[in-house]
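Note: hydrogens, waters and symmetry copies are ignored here, and every other heavy atom, side chains too, is used.
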Amino acid sequence: LDSIAMGTKRRSQGSGGTVRTKQRSQDASGKEKRQRKANQDLVAEAAREGRHVSLQEMSDVIAELSESVLESPEGAFQSPPNSSGTERKIFDDDQQQDENAKTPSPMKQLLSIAAAQDGPEQEHTAHLAIMSLLAIFKDIVPDYRIRLPSEKEMAVKVTKETKQIWDYERALLHHYQQFLKLMEKTWDKKGKGKDHPNQVAIVAIMSMAELLKGSFHFNFRSNLLTAVVRPMNHPLVGDHCCSAIAHVFANDAQGEVALEASRQVSKMIQNRNLKVRPAVLRTFLSLPLRVHVDEAQAAKLASKANAKKRKKDKELAVIESELKEGDATVDKIVLARNQSDTLQSVILTYFRILKNENLRAMEDVLPVALEGLAKFAHLINIDTVQDLLAVLKDLLKNVDSLPLDSSLNCILTAFQTLQGPGQELKIDQKEYVAPLYSQIPRIATLQNSKRHTEILLKCLSAAFLKQKEFSNVRVAAFVKQILTAALHAPPYTSIPLLAFVRQLLQRYPSAQQLLDNENDVLSGEYTPDVVDPEQSNPFATTGWELATMRFHMHGSVASQANAAASSRMLQLPLETPSRLRSEALEDSEMLYIPFPQNLIKKHPLTNKGKENRKQRARFLKVREFQSRLAEEDTSLPSIAIFSLHKLAKDNR
């Protein structure tokens, strides 16, 4: 009984100790929070009175305010309780706030710190406050668009939880709008029109770009788009703004935000008289346009028919629209209409650049415009195809004066247009094949081979692999021209070109006549510098470049030359030209040159087998040395040598 009583007493003491420990920890945490709150009040009071506050104190206050907001977002928009214990809320209008409140809400304090930008120290604290607000809004902003209740809905009696949600959403939208206005005002005041803007202005515009990436479906997206599109051409922050717009283009599933952004970018380019950086125009390449213009017209007719049905029953139309807002699926009719309007805006911008009279001023943006046309040419209608081909034909008249990427993109656009919507026109592609023949030797330079080999492979594939070429002389002329360029080009260009030659030789067996002996060639003279490849007389020569490249220092070039000379088929997909190009380019960047293992000679002293045993060098062994010592004299030096060998053997 005594032992039971002692155990009960100990347990009671232990439980009491646990309770006292928990109470002490709660008291300590409460004391810490009260101390933190007191520090915030002191710093806030000192800032309002104009007294000096150290940078470390302001940094601590910003960190503590941010932690309090993230811990309780619902309480971030409410002022702390006053002496009577009641809470004051921050309304949409700052004048409605109670003037007797000692300190504003945590979010209001962060916004006031971010707005104070006078002097170096305040600019630094404003920088920290802006970054903290950016992290807070990226965390608490939802992925959907908030719809505030109307006056009729506010008049209806609702539950306490619903009213709290309405108040929280209203306060969130109010402070989010205040933050956007502050960022736009900061950029307009300290960064707009300056090549080297202030650090706070750079942080402000980059914060808006980051918000656009994660919250382009939230409220005030038009304000964000307008603020981010305007400085896209800025030399310092333009790349960050372009990446944000490209992110919106690539990730907008419904296409509504992408349509609005594309119209604003096109308008900005037009207002600048097409004098923009190539990165601005390159953002259009991120658009995942897949809807043809004709399909979009059918979608518009279907949407009009649905609109007429909704007019008959307005209540049902309102219910359907509300259900669509909460539905996560993509409306195909709306997507087709948005993509059609986006395509029209983008193609119009490209045509303005191509039809500009001063093409020399468009040297920077012309390759990007042609690249975009090559990507979206299969989506345009037949009326636009004729205008596009006419513009491309005028550009190709002076193809040698254009940059190589511009000329190749121009040819690629023509091929894809004729193979897509232009098939019904039945136009001879000879007008675009001849310029391609003259551009192949330009790929042999180091700069062009690094940047434009992929475009050249696309042009060659569109000209000879995606369609049937009926002129054997033209095919042979291209094979000979490609072999000549591969002989002088770097390995990361020669390897894919030789792989493409192997594809041509398999698709067009008549071109294998170039692999015959020189005694079997036709009479005449080979002239590679003619305009028309059919007049070059390619069968008057042979593909002697393959015999030379068989002894190339690069093992992959030699293996591709051997395979082309022996007419071996490609091992697809391992030996596709694009894949070989990427692998060879990666090896070149790593300074790695593959070498075939079968060409490595072995050392003459290595073991080659039983048949070469007689040719190996013979070495004395311990046993042979011992036998020789037994046959010869046993003098002291010999015995010493024998003892040393025996000692070495034992140690071994």
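L289 CG to S262 OG: the interatomic distance, rounded to the nearest 0.5 Å, is 8.5 Å. From L366, atom CG reaches atom SG of C410 across 8.0 Å, with rounding to the nearest 0.5 Å. Note: E210 CD to I205 CD1 = 11.5 Å, rounded to the nearest 0.5 Å. The structure places OG of S207 at 9.5 Å from NZ of K138, a figure rounded to the nearest 0.5 Å. Distance CG/L379 to OG1/T384: 11.5 Å, rounded to 0.5 Å. Here the CE atom belonging to M208 is positioned 8.0 Å from the CE atom belonging to M183, to the nearest 0.5 angstrom.
Judged purely by atom type and a 3.5 angstrom limit, S461 has no side-chain atom pairing as donor or acceptor with the backbone of L457. A distance-only check finds no donor-acceptor pair linking the side chain of H552 to the backbone of V557 [under 3.5 Å]. Side chain of R581 to backbone of Y492: a donor-acceptor contact under 3.5 angstrom is found. Without hydrogens or angle criteria, T576 side chain to L572 main chain gives no donor-acceptor distance under 3.5 Å. Using modelled atom types, one side-chain atom of S449 and one backbone atom of L446 make a donor-acceptor pair closer than 3.5 Å. In this structure a side-chain-to-backbone donor-acceptor pair under 3.5 Å is present from Y437 to P528. Looking only at distances, no side-chain donor or acceptor of E525 sits under 3.5 Å from a matching main-chain atom of A540. Checking side-chain atoms of D252 against main-chain N and O of V248 turns up no donor-acceptor pair under 3.5 Å. Formation of a donor-acceptor pair under 3.5 Å by the T413 side chain with backbone atoms of L370 is found in this model. Judged purely by atom type and a 3.5 angstrom limit, T186 has no side-chain atom pairing as donor or acceptor with the backbone of A204.
In this model, a donor atom of one side chain and an acceptor atom of the other lie less than 3.5 Å apart for T453 and T493. In summary, the side chains of S471 and E534 do present a donor paired with an acceptor at a separation below 3.5 Å, with no hydrogens or angles considered. Of the N and O atoms on the side chains of Q429 and Q467, at least one donor lies less than 3.5 Å from an acceptor on the other residue. Side-chain polar atoms of N448 and T445 form a donor-acceptor pair below 3.5 angstrom. Side chains of E260 and S222: a donor-acceptor N/O pair is present below 3.5 angstrom, by distance only. With hydrogens and angles left out, the side-chain atoms of N398 and S401 include no donor and acceptor closer than 3.5 Å.
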- request: Using the side-chain contact (heavy atoms from CB on, under 4.5 Å) rule, take V257 and F249 through it: C-alpha gap first, then chi angles, then the decisive distance, then the call.
  value: CA-CA 8 Å; V257 187; F249 285 157; over 6 Å; no
- request: Would you sort out whether D532 and R474 count as a salt bridge (charged side-chain N to carboxylate O under 4.0 Å, His left out), showing the intermediate values?
  value: CA-CA 9 Å; D532 189 0; R474 187 182 299 174; 5.5 Å; no
Trace of the side-chain hydrogen bond (donor to acceptor under 3.5 Å, both in side chains) decision for N472 with Q513: CA-CA 10 Å; N472 298 330; Q513 186 177 348; over 6 Å; no
- request: For side-chain hydrogen bond (donor to acceptor under 3.5 Å, both in side chains), just list the numbers for N562 and S559, CA-CA rounded to whole Å, side-chain angles, deciding distance to a tenth of an Å, and then say yes or no.
  value: CA-CA 5 Å; N562 281 323; S559 62; over 6 Å; no
- prompt: Checking side-chain contact (heavy atoms from CB on, under 4.5 Å) for the pair I482/L504: CA distance, chi angles, key distance, verdict?
  reply: CA-CA 11 Å; I482 293 172; L504 286 183; 4.3 Å; yes
query: Under the side-chain contact (heavy atoms from CB on, under 4.5 Å) criterion, do L408 and L436 qualify, and how do the steps go?
result: CA-CA 7 Å; L408 292 177; L436 177 60; 4.1 Å; yes
message: Between L274 and I353, is the side-chain contact (heavy atoms from CB on, under 4.5 Å) condition met? List the steps.
response: CA-CA 7 Å; L274 309 177; I353 295 174; 4.2 Å; yes
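Ring-plane geometry between F464 and Y508 is classed as perpendicular, the angle between the planes exceeding 60 degrees on a 0 to 90 degree scale with a lower cut at 30.
Taking 4.5 Å as the limit, every side-chain heavy atom of M232 sits out of range of all side-chain heavy atoms of V237. Residues H234 and C241 form no side-chain contact, since every pair of their non-hydrogen atoms from C-beta on lies 4.5 Å or further apart. Within the 4.5 Å cutoff, the side chain of Q439 has heavy atoms near those of the L404 side chain. Two residues are said to be in side-chain contact when any heavy atoms from C-beta on lie closer than 4.5 Å; F478 and L460 meet this criterion. Using a 4.5 Å cut-off on side-chain heavy atoms (C-beta onward), L373 and T417 make no contact. A heavy-atom distance below 4.5 Å is found between the side chains of L211 and L180. Residues Y350 and L388 fail the side-chain proximity criterion, which asks for heavy atoms closer than 4.5 Å. The shortest distance between side-chain heavy atoms of L505 and R502 does not fall below 4.5 Å.
Salt bridge E454/K458: absent, no basic N to carboxylate O contact under 4.0 Å. Using a cut-off of 4.0 Å between Lys/Arg side-chain N and Asp/Glu carboxylate O, D239 and R277 are scored as salt-bridged. A salt bridge links R282 with E371: the closest approach of a Lys/Arg side-chain nitrogen to an acidic carboxylate oxygen falls below 4.0 angstrom. Looking at K275 and D364, no side-chain N of the basic residue comes within less than 4.0 Å of a carboxylate O on the acidic one, giving no salt bridge. Ion pairing of E184 with R230 is present here, as a side-chain N (NZ or NE/NH1/NH2) and a carboxylate O approach within less than 4.0 Å.
Here salt bridge (Lys or Arg N to Asp or Glu O under 4.0 Å) pairs that include residues 476-497, with residues two or more places apart or in two chains, are K480-E545.
The shortest heavy-atom contact between S536 and Y526 is O-CD1, 3.1 Å. Closest approach of M268 and V276 over heavy atoms only: SD-CG1, 4.4 Å. In terms of heavy atoms, L465 sits closest to F500 at CD1-CE1, 3.6 Å. In this structure, A486 and M549 approach most closely via the heavy-atom pair O-SD, 3.9 Å. Between A261 and L225, the closest heavy-atom pair is CB-CD2, 3.9 Å. Of all heavy-atom pairs between I495 and Q560, the closest is CG2-CG, 4.2 Å.
The 12-atom threshold is exceeded at CG of N271, counting heavy atoms of other residues, nucleotides or ligands nearer than 6.0 Å.
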